Amino acid sequence: MLNLRKTLLCGQCFRWQETAPGVFSGTAGGRFLTVSQKDLPLLKADPFWCSYFDLGTDYDTLQRQLAVLYPTLREAAQLGMGIHILRQDPWEALCSFILSQNNNIPRIQGIINRLCGGQEESLPPIMSGLRQQKSLHPFPSAETLAGQTEQDLAPLRCGFRARYLLDAAEKVASGTVNLEALRTAPLEEARRQLMTIIGVGPKVADCTLLYGLHRMEAFPKDVWIKRAMAQWFPGVAPSSFGPAAGLAQQYIFCWVRQQAGRTVSHK
DNA sequence: TGCCAGGAAGGAA
DNA sequence: TTCCTTCATGGC
(Lines give C-alpha, C1' and ligand atoms only; values in the text may rest on other atoms or scores of the structure.)
Protein backbone atom coordinates (compact mmCIF):
# COMPACT_ATOMS: atom_id res chain seq x y z
CA MET A 1 0.00 0.00 0.00
CA LEU A 2 1.26 3.47 -0.91
CA ASN A 3 2.94 5.30 1.96
CA LEU A 4 2.57 9.01 1.26
CA ARG A 5 5.29 10.18 3.62
CA LYS A 6 7.92 7.82 2.34
CA THR A 7 6.98 8.43 -1.28
CA LEU A 8 6.82 12.20 -1.15
CA LEU A 9 9.73 12.91 1.18
CA CYS A 10 12.31 10.41 -0.05
CA GLY A 11 14.05 12.71 -2.49
CA GLN A 12 12.40 11.81 -5.78
CA CYS A 13 10.33 15.01 -5.93
CA PHE A 14 10.78 18.53 -4.65
CA ARG A 15 7.38 20.20 -4.66
CA TRP A 16 5.74 18.46 -1.71
CA GLN A 17 5.91 19.26 1.95
CA GLU A 18 4.29 18.07 5.14
CA THR A 19 2.16 21.06 6.04
CA ALA A 20 0.73 19.45 9.17
CA PRO A 21 1.44 16.10 10.80
CA GLY A 22 0.46 13.50 8.21
CA VAL A 23 -0.85 16.13 5.79
CA PHE A 24 1.02 16.72 2.53
CA SER A 25 0.62 19.58 0.09
CA GLY A 26 2.17 19.74 -3.31
CA THR A 27 1.88 20.49 -6.98
CA ALA A 28 1.90 18.25 -10.02
CA GLY A 29 0.51 18.55 -13.52
CA GLY A 30 -0.74 22.06 -12.86
CA ARG A 31 -2.81 20.87 -9.91
CA PHE A 32 -2.34 21.64 -6.27
CA LEU A 33 -3.32 18.99 -3.74
CA THR A 34 -3.53 18.66 0.00
CA VAL A 35 -3.83 15.04 1.03
CA SER A 36 -3.28 12.65 3.91
CA GLN A 37 -2.83 8.90 4.12
CA LYS A 38 -6.50 8.27 4.86
CA ASP A 39 -7.40 9.85 1.50
CA LEU A 40 -5.84 6.98 -0.44
CA PRO A 41 -9.21 5.69 -1.75
CA LEU A 42 -9.94 9.18 -3.09
CA LEU A 43 -6.61 9.26 -4.91
CA LYS A 44 -7.40 5.90 -6.46
CA ALA A 45 -10.69 7.24 -7.77
CA ASP A 46 -9.09 10.25 -9.45
CA PRO A 47 -7.48 9.35 -12.81
CA PHE A 48 -4.75 11.97 -12.63
CA TRP A 49 -3.61 11.28 -9.08
CA CYS A 50 -4.04 7.54 -9.51
CA SER A 51 -1.53 7.74 -12.34
CA TYR A 52 0.78 10.24 -10.59
CA PHE A 53 1.10 8.06 -7.52
CA ASP A 54 1.34 4.97 -9.74
CA LEU A 55 -1.47 3.23 -7.89
CA GLY A 56 -2.00 0.78 -10.73
CA THR A 57 1.33 -0.95 -10.16
CA ASP A 58 1.65 -3.84 -7.70
CA TYR A 59 4.46 -2.55 -5.50
CA ASP A 60 3.94 -5.22 -2.87
CA THR A 61 4.97 -7.85 -5.39
CA LEU A 62 7.92 -5.78 -6.63
CA GLN A 63 9.04 -5.23 -3.07
CA ARG A 64 8.92 -8.95 -2.30
CA GLN A 65 10.79 -9.79 -5.50
CA LEU A 66 13.58 -7.38 -4.61
CA ALA A 67 13.72 -8.44 -0.97
CA VAL A 68 14.71 -12.01 -1.79
CA LEU A 69 17.72 -10.97 -3.91
CA TYR A 70 20.10 -9.88 -1.12
CA PRO A 71 19.77 -9.84 2.68
CA THR A 72 20.76 -6.17 2.79
CA LEU A 73 18.25 -5.31 0.11
CA ARG A 74 15.60 -7.08 2.15
CA GLU A 75 16.34 -4.73 5.04
CA ALA A 76 16.21 -1.66 2.80
CA ALA A 77 13.05 -2.88 1.11
CA GLN A 78 11.34 -3.43 4.43
CA LEU A 79 12.13 0.11 5.50
CA GLY A 80 11.02 1.38 2.10
CA MET A 81 7.78 -0.58 2.01
CA GLY A 82 5.08 1.69 0.59
CA ILE A 83 7.39 3.79 -1.56
CA HIS A 84 6.07 4.30 -5.06
CA ILE A 85 8.00 5.76 -7.98
CA LEU A 86 5.94 8.80 -8.92
CA ARG A 87 4.97 9.45 -12.52
CA GLN A 88 6.24 12.99 -12.62
CA ASP A 89 6.30 15.28 -15.62
CA PRO A 90 9.54 14.50 -17.48
CA TRP A 91 10.38 18.14 -18.18
CA GLU A 92 9.93 19.06 -14.54
CA ALA A 93 11.99 16.07 -13.45
CA LEU A 94 14.77 16.98 -15.87
CA CYS A 95 14.93 20.54 -14.56
CA SER A 96 14.69 19.45 -10.94
CA PHE A 97 17.64 17.12 -11.20
CA ILE A 98 19.70 19.57 -13.24
CA LEU A 99 19.21 21.91 -10.31
CA SER A 100 20.06 19.15 -7.84
CA GLN A 101 23.69 18.84 -8.85
CA ASN A 102 26.15 19.83 -6.14
CA ASN A 103 23.21 21.05 -4.13
CA ASN A 104 21.24 20.04 -1.07
CA ILE A 105 17.58 19.12 -0.93
CA PRO A 106 16.24 22.14 1.01
CA ARG A 107 17.97 24.53 -1.36
CA ILE A 108 16.79 22.60 -4.43
CA GLN A 109 13.24 22.98 -3.13
CA GLY A 110 13.78 26.70 -2.66
CA ILE A 111 15.11 27.19 -6.19
CA ILE A 112 12.23 25.23 -7.70
CA ASN A 113 9.69 27.20 -5.70
CA ARG A 114 11.19 30.44 -6.98
CA LEU A 115 11.24 29.03 -10.50
CA CYS A 116 7.51 28.36 -10.22
CA GLY A 117 6.82 31.79 -8.84
CA GLY A 118 6.25 31.04 -5.20
CA GLN A 119 5.00 28.66 -2.60
CA GLU A 120 1.44 27.36 -2.68
CA GLU A 121 -0.79 27.89 0.32
CA SER A 122 -1.89 24.62 1.87
CA LEU A 123 -5.60 23.93 1.74
CA PRO A 124 -7.55 23.48 4.93
CA PRO A 125 -8.20 19.80 5.67
CA ILE A 126 -11.78 18.60 5.55
CA MET A 127 -13.36 15.26 6.24
CA SER A 128 -14.40 14.25 2.72
CA GLY A 129 -13.41 14.87 -0.89
CA LEU A 130 -10.03 15.48 -2.40
CA ARG A 131 -8.51 18.84 -1.49
CA GLN A 132 -7.30 20.02 -4.84
CA GLN A 133 -7.41 23.10 -7.00
CA LYS A 134 -5.73 24.52 -10.07
CA SER A 135 -2.16 25.38 -9.18
CA LEU A 136 -1.38 29.06 -8.88
CA HIS A 137 2.27 28.28 -9.51
CA PRO A 138 2.63 25.57 -12.17
CA PHE A 139 6.06 24.53 -13.38
CA PRO A 140 7.17 26.77 -16.27
CA SER A 141 7.21 25.09 -19.66
CA ALA A 142 10.34 24.52 -21.73
CA GLU A 143 9.01 27.08 -24.19
CA THR A 144 8.68 29.67 -21.43
CA LEU A 145 12.20 29.09 -20.17
CA ALA A 146 13.71 28.91 -23.65
CA GLY A 147 13.01 32.57 -24.19
CA GLN A 148 14.93 33.64 -21.12
CA THR A 149 18.52 34.57 -20.37
CA GLU A 150 20.87 33.75 -17.52
CA GLN A 151 20.21 37.24 -16.20
CA ASP A 152 16.49 36.54 -16.15
CA LEU A 153 17.16 33.49 -13.98
CA ALA A 154 19.43 35.33 -11.53
CA PRO A 155 16.67 35.72 -8.91
CA LEU A 156 16.48 31.92 -8.68
CA ARG A 157 19.99 31.92 -7.16
CA CYS A 158 20.76 28.65 -8.87
CA GLY A 159 24.24 29.76 -9.87
CA PHE A 160 26.09 27.91 -12.61
CA ARG A 161 23.08 25.66 -13.12
CA ALA A 162 21.16 28.47 -14.86
CA ARG A 163 22.88 27.92 -18.18
CA TYR A 164 22.20 24.19 -17.94
CA LEU A 165 18.51 24.92 -17.43
CA LEU A 166 18.47 27.18 -20.48
CA ASP A 167 20.22 24.64 -22.67
CA ALA A 168 17.70 22.00 -21.60
CA ALA A 169 14.84 24.40 -22.35
CA GLU A 170 16.17 25.19 -25.81
CA LYS A 171 16.74 21.54 -26.72
CA VAL A 172 13.34 20.40 -25.42
CA ALA A 173 11.37 23.33 -26.82
CA SER A 174 12.98 22.93 -30.23
CA GLY A 175 12.40 19.19 -30.28
CA THR A 176 16.12 18.44 -30.44
CA VAL A 177 15.44 16.30 -27.38
CA ASN A 178 12.00 14.69 -27.52
CA LEU A 179 11.21 13.65 -23.96
CA GLU A 180 8.07 11.71 -24.84
CA ALA A 181 9.97 9.61 -27.35
CA LEU A 182 12.35 8.60 -24.58
CA ARG A 183 9.59 6.67 -22.83
CA THR A 184 9.96 3.84 -25.30
CA ALA A 185 13.48 4.34 -26.66
CA PRO A 186 16.15 1.81 -25.66
CA LEU A 187 17.44 2.87 -22.26
CA GLU A 188 20.99 3.58 -23.36
CA GLU A 189 19.79 5.59 -26.32
CA ALA A 190 17.45 7.62 -24.10
CA ARG A 191 20.31 8.20 -21.70
CA ARG A 192 22.61 9.28 -24.52
CA GLN A 193 20.06 11.77 -25.79
CA LEU A 194 19.52 13.33 -22.40
CA MET A 195 23.26 13.69 -21.99
CA THR A 196 23.48 15.87 -25.09
CA ILE A 197 22.11 18.60 -22.83
CA ILE A 198 24.87 20.67 -21.26
CA GLY A 199 25.10 19.90 -17.57
CA VAL A 200 23.30 16.56 -17.85
CA GLY A 201 25.55 13.65 -16.95
CA PRO A 202 24.76 10.02 -16.14
CA LYS A 203 23.18 10.74 -12.78
CA VAL A 204 20.80 13.50 -13.91
CA ALA A 205 19.92 11.47 -17.01
CA ASP A 206 19.06 8.43 -14.90
CA CYS A 207 16.99 10.51 -12.49
CA THR A 208 15.03 11.94 -15.43
CA LEU A 209 14.50 8.45 -16.80
CA LEU A 210 13.35 6.98 -13.51
CA TYR A 211 11.34 9.78 -11.96
CA GLY A 212 10.13 11.59 -15.08
CA LEU A 213 9.77 8.84 -17.64
CA HIS A 214 9.07 5.98 -15.24
CA ARG A 215 11.86 3.86 -16.65
CA MET A 216 12.01 1.54 -13.64
CA GLU A 217 15.17 -0.14 -14.85
CA ALA A 218 17.14 3.13 -14.56
CA PHE A 219 19.44 3.26 -11.55
CA PRO A 220 20.66 6.76 -10.61
CA LYS A 221 23.98 6.64 -8.80
CA ASP A 222 24.55 9.61 -6.55
CA VAL A 223 27.17 9.80 -3.79
CA TRP A 224 24.89 8.06 -1.30
CA ILE A 225 24.17 5.16 -3.62
CA LYS A 226 27.81 4.85 -4.64
CA ARG A 227 28.86 4.61 -1.01
CA ALA A 228 26.07 2.15 -0.22
CA MET A 229 26.87 -0.04 -3.22
CA ALA A 230 30.57 -0.12 -2.34
CA GLN A 231 29.88 -1.00 1.28
CA TRP A 232 26.85 -3.26 1.09
CA PHE A 233 26.78 -4.60 -2.47
CA PRO A 234 30.44 -4.92 -3.50
CA GLY A 235 30.74 -6.25 -7.04
CA VAL A 236 26.98 -6.12 -7.59
CA ALA A 237 25.83 -4.53 -10.85
CA PRO A 238 22.55 -2.57 -10.75
CA SER A 239 21.25 -4.79 -13.55
CA SER A 240 21.26 -7.69 -11.11
CA PHE A 241 18.39 -5.96 -9.33
CA GLY A 242 16.29 -6.66 -12.41
CA PRO A 243 13.66 -4.57 -14.20
CA ALA A 244 12.73 -2.75 -10.99
CA ALA A 245 16.31 -1.72 -10.24
CA GLY A 246 15.19 1.90 -9.89
CA LEU A 247 12.86 0.94 -7.07
CA ALA A 248 15.70 -0.91 -5.38
CA GLN A 249 17.79 2.23 -5.73
CA GLN A 250 15.08 4.24 -4.00
CA TYR A 251 14.87 1.74 -1.15
CA ILE A 252 18.65 1.84 -0.71
CA PHE A 253 18.76 5.63 -0.90
CA CYS A 254 16.17 6.03 1.83
CA TRP A 255 17.77 3.35 3.92
CA VAL A 256 21.30 4.82 3.92
CA ARG A 257 19.97 8.34 4.39
CA GLN A 258 17.97 7.19 7.36
CA GLN A 259 21.02 5.49 8.83
CA ALA A 260 22.89 8.75 8.47
CA GLY A 261 20.03 10.65 10.07
CA ARG A 262 19.54 12.67 6.91
CA THR A 263 15.90 12.13 6.24
CA VAL A 264 12.46 12.49 7.73
CA SER A 265 11.29 9.78 10.06
CA HIS A 266 9.68 6.83 8.37
CA LYS A 267 6.71 5.94 10.51
C1' DT B 1 36.66 31.09 6.63
C1' DG B 2 35.83 26.58 5.48
C1' DC B 3 32.94 22.87 4.53
C1' DC B 4 29.19 20.70 2.34
C1' DA B 5 25.61 19.41 -1.03
C1' DG B 6 21.26 13.34 -4.70
C1' DG B 7 27.49 16.42 -10.28
C1' DA B 8 29.50 17.53 -14.66
C1' DA B 9 33.33 17.95 -17.62
C1' DG B 10 37.89 17.39 -19.09
C1' DG B 11 42.19 15.12 -18.90
C1' DA B 12 45.36 11.43 -17.38
C1' DA B 13 46.41 6.65 -16.63
C1' DT C 1 37.08 2.62 -19.09
C1' DT C 2 38.15 4.27 -14.78
C1' DC C 3 40.10 7.58 -11.83
C1' DC C 4 41.43 12.23 -10.59
C1' DT C 5 41.07 17.19 -10.64
C1' DT C 6 38.82 21.24 -11.46
C1' DC C 7 34.74 24.00 -11.70
C1' DA C 8 31.14 26.66 -9.49
C1' DT C 9 27.36 28.42 -5.93
C1' DG C 10 24.79 29.51 -1.82
C1' DG C 11 23.84 28.28 3.01
C1' DC C 12 25.45 27.54 7.49
Side-chain angles (χ1 to χ4, degrees), chain A residues 6-17 76 79-80 83-86 88 90 92-115 119 149-171 177 188 191-213 215-216 218-239 241 245-264 266:
Chain A
K6 293 179 189 177
T7 298
L8 294 174
L9 304 183
C10 68
Q12 62 172 313
C13 54
F14 300 98
R15 296 201 73 194
W16 290 88
Q17 52 182 333
L79 180 76
I83 291 179
H84 284 204
I85 302 297
L86 297 170
Q88 300 183 66
E92 181 173 337
L94 171 62
C95 293
S96 298
F97 286 96
I98 283 175
L99 293 169
S100 78
Q101 66 178 268
N102 256 48
N103 214 339
N104 58 61
I105 291 175
R107 196 158 77 95
I108 298 164
Q109 292 172 325
I111 293 170
I112 293 173
N113 277 326
R114 290 190 288 278
L115 178 59
Q119 196 102 21
T149 66
E150 283 189 54
Q151 278 191 328
D152 294 330
L153 299 187
L156 300 182
R157 286 175 286 154
C158 65
F160 60 90
R161 306 165 190 88
R163 102 183 150 88
Y164 302 161
L165 214 52
L166 294 177
D167 190 61
E170 286 167 16
K171 286 194 167 77
V177 173
E188 277 311 310
R191 210 163 176 254
R192 192 193 62 74
Q193 286 218 19
L194 286 168
M195 287 171 61
T196 62
I197 297 166
I198 298 172
V200 175
K203 196 271 180 177
V204 172
D206 285 339
C207 283
T208 304
L209 288 167
L210 179 60
Y211 304 122
L213 294 159
R215 299 295 297 260
M216 292 276 271
F219 191 92
K221 280 179 274 194
D222 71 313
V223 289
W224 293 89
I225 291 296
K226 284 177 185 168
R227 280 197 296 257
M229 292 299 287
Q231 182 174 358
W232 301 105
F233 303 92
V236 173
S239 57
F241 294 140
L247 181 61
Q249 181 270 163
Q250 199 62 29
Y251 289 153
I252 296 167
F253 180 74
C254 295
W255 180 62
V256 293
R257 297 264 301 182
Q258 202 236 19
Q259 284 187 323
R262 301 297 289 274
T263 187
V264 294
H266 285 166

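Within every chain, numbering begins at 1; the chains are lettered A, B, ... in the order of the sequence lines, protein sequences first and strands thereafter. Note that the structure is a prediction, hence the values are computed from the model and not measured.
The aromatic ring of A/W224 does not sit over the base of B/dG6, since the test of centres under 5.5 Å and planes under 30° is not met.
To the nearest angstrom, P of B/dA9 lies 10 Å from CG of A/D167. Straight-line distance from the CD1 atom of A/I198 to the C1' atom of C/dC7: 15 Å, rounded to whole Å.
Counting any heavy atom pair closer than 4.0 Å across all strands shown, A/I108 reaches no nucleic acid atom. Residue A/G199 is in sugar-phosphate contact alone, with no base atom involved, counting any heavy-atom pair closer than 4.0 Å across all strands shown. Using a 4.0 Å heavy-atom criterion, one finds that A/Y164 contacts no nucleic acid atom at all. Contacts of A/Y211 with the nucleic acid, taken as non-hydrogen atoms under 4.0 Å apart, include base atoms.
At least one side-chain nitrogen or oxygen of A/R157 sits closer than 4.0 Å to the OP1 or OP2 atom of C/dG11. Contact check, A/R262 against B/dA5: a side-chain N or O comes under 4.0 Å of OP1 or OP2. Between A/R257 and B/dG6 there is a side-chain polar atom (N or O) within less than 4.0 angstrom of OP1 or OP2.
In this structure, A/Q12 contributes its side chain and A/H84 its backbone to a donor-acceptor pair below 3.5 Å.
Side-chain contact between A/L79 and A/K6: absent, with no pair of heavy atoms (C-beta onward) separated by less than 4.5 Å.
Residues A/N103 and A/S100 have side chains that never bring a donor and an acceptor to within less than 3.5 angstrom of each other.
Using N1 to N3 plus N6-O4 or O6-N4 for Watson-Crick, or N1-O2 and O6-N3 for G-U wobble, each under 3.5 Å, B/dA13 pairs with C/dT1.
In the interface, the side chain of A/Q249 is paired with the base of B/dG6 through a donor and an acceptor atom under 3.5 Å apart.
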